Amino acid sequence: MRIDVVTIFPEFFDVLDISLLGKARQTGLLDVTAHNLREFTHDRHRTVDDTPYGGGAGMVMKPEPWGEALDTILGPTDAADPVTGTGAPVVIFPSPAGEVFTQKMARELAGREHLVFGCGRYEGIDQRVFEHAATRAEVRLVSIGDYVLNGGEVAVMAMIEAIGRLIPGVVGNPESLVEESHEDGLLEYPSYTKPAQWRGLEVPPVLLSGNHGAIDRWRREQQLERTRRVRPDLLPPGAGDPA
């Protein structure tokens, strides 16, 4: 998969050189490039923002550098014919006004060939950038939660991590992806390892029983109980009701 990131802080993404995603980049499973938005400006101050039309606090990111950056990354495309299909690039802008990022979305995006992330700052990006980009590629505004960050970099890092680990070959044991929180709509069950007793706390006896059927049932019950207690909004109607 190819991932391009447009940001005024490209060094933020140096962390992608470590851990599993770093190995994926080394082996060619993941190709990530961070582009400095200021490289697409033409004044000596490398200006990327200006005051908002209509007044108001803060600054808004200018459309010109964004347009040039996306032109460079997306390449020549017929602006009258938006590209569709799994091979087409998807341009993602983190935004508190966007659709909520979920595990389902992460899995969907992991199947695409080219993702472009645009990291906004200040009071946001000129709306025309989104509108024009939509003539060149699929555009999605995405939120990672109901809160506001100083910029899009943290949100983009979270999305790249969630998407990248779902690319086949990135995680060593693919079975570990199946039993994680949100993969089946529920939260993950609690995990334990050796020793069986630690500081007066014991591992649930069922996990030591060797009875795999009983272990599977216990884990499912724990998923339902935890989801009911912490995230009841994730339960389908009637699912996990106490007996």
Side-chain angles (χ1 to χ4, degrees), residues 1 3-16 18-21 30 32 34 37 49 52 56-61 66 89-112 115-127 129-130 133-134 137-167 170-171 176-191 222-237 239-240:
M1 172 188 282
I3 295 178
D4 288 282
V5 182
V6 182
T7 171
I8 59 172
F9 297 115
E11 63 275 13
F12 188 98
F13 295 91
D14 291 347
V15 70
L16 290 173
I18 64 175
S19 192
L20 291 177
L21 295 187
L30 198 58
V32 183
L37 182 65
D49 61 311
M59 305 289 277
V60 175
M61 300 193 89
W66 277 103
V90 183
V91 183
I92 301 165
F93 294 97
S95 170
E99 58 183 313
V100 177
F101 185 73
T102 63
Q103 185 70 9
K104 179 180 179 181
M105 186 188 298
R107 189 164 289 283
E108 173 199 343
L109 293 173
R112 305 301 289 262
L115 303 180
V116 181
F117 290 93
C119 301
R121 282 267 158 180
Y122 317 119
E123 294 302 309
I125 303 171
D126 188 301
Q127 175 67 24
V129 173
F130 311 139
E138 179 183 347
V139 173
R140 301 178 75 165
L141 272 61
V142 179
S143 169
I144 63 168
D146 295 335
Y147 46 86
V148 179
L149 301 170
N150 286 332
E153 286 78 11
V154 170
V156 168
M157 266 303 316
M159 287 189 275
I160 290 176
E161 174 99 358
I163 295 166
R165 64 195 304 276
L166 296 176
I167 297 171
V170 172
V171 173
S176 65
L177 299 175
V178 177
E179 298 182 354
E180 294 177 326
S181 289
H182 303 293
E183 278 297 332
D184 62 356
L186 301 176
L187 301 184
E188 192 174 7
Y189 52 78
S191 299
Q222 292 295 310
Q223 281 189 282
L224 290 168
E225 190 281 329
R226 176 178 276 182
T227 305
R228 186 189 309 119
R229 174 169 46 86
V230 180
R231 290 290 305 277
D233 56 297
L234 296 177
L235 290 170

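Quick caveat, the model's predicted, so the values are computed rather than measured.
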Could you tell me which non-hydrogen atom of R165 sits nearest to which non-hydrogen atom of A162, and how far apart they are? CG-O, 3.5 Å

Nearest-0.5 Å distance, CD1 of residue I160 to CE of residue M1: 10.0 Å

Tell me the closest heavy-atom pair linking P52 and G58, and the distance in Å. CD-O, 3.3 Å

What residues, two or more places apart in sequence or in another chain, satisfy side chain to side chain contact (heavy atoms under 4.5 Å, CB included) together with E123? V60

Identify, with sequence neighbours excluded, every residue that meets side chain to side chain donor-acceptor pair (under 3.5 Å) alongside D233. R231

Can you measure from CG (L234) to OG1 (T227) and round to the nearest 0.5 angstrom? 6.5 Å

Closest approach of R228 to L235 (non-hydrogen atoms, all atoms of both residues): CA-CD1, 3.7 Å

What's the separation between atom CG in L187 and atom CD in E225, rounded to the nearest 0.5 Å? 10.0 Å

Using side chain to side chain contact (heavy atoms under 4.5 Å, CB included), reason through V170 and L30 one step at a time and then give a plain yes or no. CA-CA 9 Å; V170 172; L30 198 58; 5.8 Å; no

Measure across F130 and V139 and return the closest heavy-atom pair with its distance rounded to 0.1 Å. O-CG2, 4.1 Å

Heavy atoms of P94 and G118 approach each other most closely as CD-O, 3.0 Å

Validation: residues 3-15 side-chain donor-acceptor distances under 3.5 Å, sequence neighbours left out:
residue : atom : partner : partner atom : Å
D4      : OD1  : H35     : NE2          : 2.7
D4      : OD2  : R2      : NE           : 2.6
D4      : OD2  : R2      : NH2          : 3.0
D4      : OD2  : H114    : NE2          : 2.7
T7      : OG1  : F9      : N            : 2.8
T7      : OG1  : E153    : OE2          : 2.6

Taking only residues two or more places apart in sequence or in another chain, which ones pass side chain to side chain contact (heavy atoms under 4.5 Å, CB included) with S19? none

Hey, could you give me the CD1/CE distance between I92 and M105, rounded to the nearest 0.5 Å? 8.0 Å

Kindly compute the distance separating CG (L141) from CD1 (I125), expressed to the nearest 0.5 Å. 8.5 Å

Return the set of residues passing side chain to side chain donor-acceptor pair (under 3.5 Å) with Q222 (not counting sequence neighbours), or none when no residue passes. none

Side chain to side chain, F101 and I163, heavy atoms closer than 4.5 Å: yes

Counterpart residues, side chain to side chain contact (heavy atoms under 4.5 Å, CB included), relative to E161 (two or more places apart): L21

Rounded to the nearest 0.5 Å, what separates atom CE in M59 from atom CG in D49? 4.0 Å

Within the side chain of R121, is there an N or O that forms a donor-acceptor pair under 3.5 Å with the backbone of M61? no

Closest contact, heavy atoms only, L166 versus A110: CB-CB, 3.8 Å

Do the side chains of I144 and M159 get nearer than 4.5 Å, heavy atoms only? yes

Residue pair D126, W66: steps toward the side chain to side chain contact (heavy atoms under 4.5 Å, CB included) verdict: CA-CA 9 Å; D126 188 301; W66 277 103; over 6 Å; no

Taking side chain to side chain contact (heavy atoms under 4.5 Å, CB included) as the test, write out the residues that go with V148, two or more places apart. none

